[in-house]
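These numbers were taken from a predicted model, which means no experiment stands behind them. Naming: A, B, ... by sequence-line order, numbering from 1 per chain.
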Amino acid sequence: MSDERITADVVVVGSGAGGALTAATLAEAGLDVVVLEEGPWLEADATEPFSKAEMTAKYRDRGISVSLGQPPVAYVEGRCVGGSTEINSGLYHRTPPELVSEWRRDYDIDDFDVDDLAVHYEGVEKALTVSQLPGPAPAHSSMLDTGGGRLGWDVVQVPRWMAYPEGETSFRSGVKQTMTRTFIPRSTAAGARIIAGCRATKVLRRGSRAIGVACVRDDGRRLVVDADHVFVCAGPIHTPALLQRSGVRGVGRGLKMHVTIKVVARFADEVPGSDAVPVHQVKEFAPDLTLGTAISLPGHIAMTLADDWATNGADMDDWRRMAVYYAAIRTQGAGRVIAVPGIKSPFVTYQVTDRDLSHLARGALALGELLFAAGAQRLYPSIADTPPIDRPDDLVRLWGATTRGRASLMTIHLFSSVRMGERRDRTGTNSFGQVWGFDNLYVNDASLIPDAPGVNPQGTVMAIAARNCQRFLADR
Amino acid sequence: MTAPVIVTGGSGWLGHALVKALEADGRPLRVFQGDVRDPVAVAQLFDGMQGASVFHCAGVIHPLRATREFFDVNVGGTSLVLDHARRAGVGRLTYVSSNSPFGYRRSPAETFDEAAPYNPHLGYGVSKMEAEQLVLRAGAHGALHTVVVRAPWFYGPGQPERQTRFFRAIRRGLFPLFGPGTNRRSLVYTDNLVDGLLRADAAGASGRSYWIADARPVTMAEVHDSVRRALAAEGLETTSRQLRLPGFLCEVAGWADTLAQKAGRYVQPVHVLSEMNKTIACTIDRARDELGYEPRVDLDEGMRRSVRWCIDQGIEL
């Protein structure tokens with residue numbers, strides 16, 4: 001049986017924030033585009049947001065991936081048409097300007113400054129209708145404003161990519177502008193073909209040219225897409241893995257994450273609406289440390305209480321008075337992605353340094369100060385065998401408790417596993433995502449971001465992707 | 001001026017000298033002996049101290065075992081001190097930094113000035129760099145007037161046991177010179193540094209950093225000679241013998257130190273050894289120009305005072 005073969009001008013591997021934007025932009029410029037997506041194509045509202053059903057349907061490994069290292073870091077990735085944009089909170093930031101300058105300097109990135117990026121941020125903000133809540137925020141989110149305000153900290157309300165109906169003021173109103181609601185329909189309207197349930201296994205090459213992508217459909221049938229240009233946008237884990245499997249060297253190093261530690265707070269009164277998406281963040285210690293509120297369904301609360309379940313289990317009855325908070329840091333440590341022949345998921349290692357653990361302890365302590373100031377009565381840090389903290393005097397214990405053996409760490413933000421710039425020793429692509437050593441192979445996703453941006457990264461991912469598409473089209 | 005003064009790390013080598021000088025000045029003074037990692041203790045420290053000047057001297061330079069302390073105390077503690085100082089409406093904060101965020105110079109002729117780029121040396125260097133950045137950022141934020149003072153290797157009365165061991169070994173000819181001994185080091189006599197700190201508090205521009213050291217850097221061989229002269233001048237029988245060892249041993253120690261610190265371990269002798277053939281020298285031109293700083297005690301006089309202090313304390317040399 002011979003493999004099915006199709007032909008296109010451009011094949012894009014992955015349909016998340018980077019891939020969907022790339023597909024739409026190139027298709028709208030008149031190119032014939034095929035998008036390959038490993039996960040299923042589901043309607044954006046097919047599953048309850050942040051539910052177990054959603055995790056099963058739209059997350060990789062049903063929502064549980066873990067990097068190897070001490071301590072291990074749990075991470076999540078979307079695996080569906082639209083990628084992680086279908087499952088995240090939709091919080092939008094522009095990249096902190098001081099980091100843009102730092103990256104340009106450290107990686108020697110051409111035409112990369114805040115002014116160069118401005119037009120691309122504006123395009124993304126318009127396309128995704130980035131906007132503030134039409135009314136008051138949910139209570140668990142506002143606690144940051146209350147507590148942070150009392151401490152004189154800089155607290156911001158982060159805009160989201162949402163479409164709010166005219167005149168509506170509820171935080172429950174509005175429709176999240178995921179890729180399946182924005183750039184995916186734009187792609188298909190411009191003639192792009194989206195092939196879901198189809199995993200890319202290798203970029204095919206002839207010398208320094210990529211000639212297409214080999215893939216396997218869910219039912220085991222093989223497909224080859226022959227194309228003039230190949231864009232890999234499979235996310236910071238699977239992009240370098242696919243490139244490695246295709247014989248590209250020097251990618252997969254320098255993976256970065258925003259590593260987070262959590263603290264559940266129990267308040268005097270019930271915290272209604274804690275299943276809604278929180279929007280406040282404390283930027284007092286940014287960009288190195290950000291504090292925020294997490295989605296606080298009972299399952300999320302239980303997960304943190306479980307770090308000392310013997311002590312905390314009985315308190316679970318009070319979950320209506322609880323909410324989950326996080327402290328996220330930019331790490332000194334970094335990781336690696338290593339594709340292993342015969343195994344679908346690559347090995348991911350991540351080294352959290354002593355400095356990082358110390359910053360996490362500082363973050364948990366800052367959260368503690370804020371939450372007590374906001375009226376919390378009891379705090380449960382995500383640290384194994386650590387009894388709850390009932391008064392500010394006990395916050396100092398967090399320094400000794402936040403150790404390699406005990407801290408439960410996780411992340412939802414990963415990047416930097418390829419990196420762009422003219423410093424060939426430190427990057428996998430040139431300043432615009434073209435893979436070193438290839439004429440027509442590109443990366444265009446979070447893998448390119450040179451280091452942790454210290455903010456929710458989707459805005460950065462999309463602005464860089466838009467910039468690189470513009471350059472690609474101009475160079476043709 | 002009678003603005004109250006707060007000193008963290010007041011029980012340390014430098015802190016003690018600073019407190020003595022402030023007491024002599026008669027300024028209202030609050031000395032912190034607690035844990036800078038404890039937000040409740042730090043909040044109490046600043047309670048009611050609106051408009052005060054803070055000298056933040058608390059820090060870990062040689063942790064007992066683990067490098068983690070560098071970060072918890074030097075970075076975490078500084079972050080808490082800055083935050084609570086701002087909340088309490090404290091006016092000014094002067095931070096005691098170090099040469100370690102800048103590494104060392106390639107050639108003995110080179111010196112650091114305030115424009116030198118960060119090139120931190122291992123855990124301590126990274127921690128002091130991050131702390132400096134927090135201090136400078138707090139100043140830029142505008143809620144607090146912050147000044148950074150960068151001090152190299154100190155000497156002076158109140159010296160810790162590690163410095164006394166150095167004196168003892170020199171006296172017996174057992175402290176080696178590594179390589180030719182022509183590498184240069186800046187040192188600072190503690191009272192010179194205290195003077196620099198007081199001037200930085202009084203006249204330092206916010207967000208500005210200043211190197212504070214003795215008048216000029218000296219070669220490592222000169223440091224040894226000066227200690228020998230001071231010991232002899234105080235009537236202690238001192239050998240003129242000088243043990244010499246090849247400089248590459250410092251490189252070996254440097255590798256060992258790097259490996260140990262990667263594993264989170266801190267081994268003081270190895271760390272100190274690795275720096276013995278390095279040039280870590282600075283110019284104090286900016287402090288002279290902007291703060292009117294002029295070191296009053298020179299190396300020989302300072303070393304003599306140090307030796308005399310040891311003798312007065314009954315510390316065996």
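- A:Glu98 and B:Arg137 are not joined by a salt bridge, as no carboxylate oxygen comes within less than 4.0 angstrom of a charged side-chain nitrogen.
- Only the side chain of B:Arg87 comes within contact range of chain A, with heavy atoms under 4.5 Å apart.
- Most heavy-atom pairs under 4.5 Å with chain B, from the set A:Asp154, A:Asp393, A:Thr403, A:Leu398: that is A:Asp393.
- Remark: B:Arg162 CZ is packed, more than 12 non-hydrogen atoms of other residues, nucleotides or ligands lying under 6.0 Å away.
- Residue contact with chain A, scored on non-hydrogen atoms closer than 4.5 Å, is absent for B:Glu69.
- Of the atoms belonging to A:Glu284, it is side-chain heavy atoms, and not backbone ones, that fall under 4.5 Å from chain B.
- Residue B:Gln50 places its CD atom among 12 or fewer non-hydrogen atoms of other residues, nucleotides or ligands, all under 6.0 Å distant.
- The line from CG of A:Leu151 to NE2 of B:His84 is 8.0 Å long, rounded to the nearest 0.5 Å.
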Item to check | Criterion side chain to side chain contact (heavy atoms under 4.5 Å, CB included) on A:Arg362 and B:Leu80, from CA distance to verdict | outcome: CA-CA 9 Å; A:Arg362 171 69 182 112; B:Leu80 278 162; 3.7 Å; yes
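- No other option in B:Asp38, B:Asp72, B:Val126 has as many heavy-atom pairs under 4.5 Å with chain A as B:Asp72.
- For chain A, the option among B:Gly264, B:Pro39, B:Gly123, B:Ser127 with the highest count of heavy-atom pairs below 4.5 Å is B:Pro39.
- Applying the 6.0 Å contact sphere to OH of B:Tyr104 captures no more than 12 heavy atoms from other residues, nucleotides or ligands.
- Within a 6.0 Å sphere centred on CZ of A:Arg336, heavy atoms belonging to other residues, nucleotides or ligands number 12 at most.
- Listed options B:Ala143, B:Gly76, B:Ala66 were ranked by heavy-atom pairs under 4.5 angstrom with chain A; first place goes to B:Gly76.
- Annotation for B:His16: atom NE2 does not count as buried by contact number, only 12 or fewer foreign heavy atoms lying within 6.0 Å.
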Next on the checklist: For a side chain to side chain contact (heavy atoms under 4.5 Å, CB included) check, start with the C-alpha distance between A:Gln332 and B:Glu130, then their side-chain angles and the critical distance, and finish with the verdict.
Outcome noted: CA-CA 11 Å; A:Gln332 178 188 47; B:Glu130 290 196 347; 5.7 Å; no
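- A:Thr353 does not touch chain B: none of its heavy atoms, backbone or side chain, sits under 4.5 Å away.
- Among residues two or more places apart in sequence or in another chain, the side chain to side chain donor-acceptor pair (under 3.5 Å) test is passed with B:Arg86 by B:Asp83.
- Scanning for side chain to side chain donor-acceptor pair (under 3.5 Å) contacts around A:Arg266 gives A:Asp318, with sequence neighbours left out.
- Open room surrounds CZ on A:Phe347; 12 or fewer heavy atoms of other groups in view lie less than 6.0 Å from it.
- No part of A:Leu289 comes within reach of chain B, as not one of its non-hydrogen atoms sits under 4.5 angstrom from that chain.
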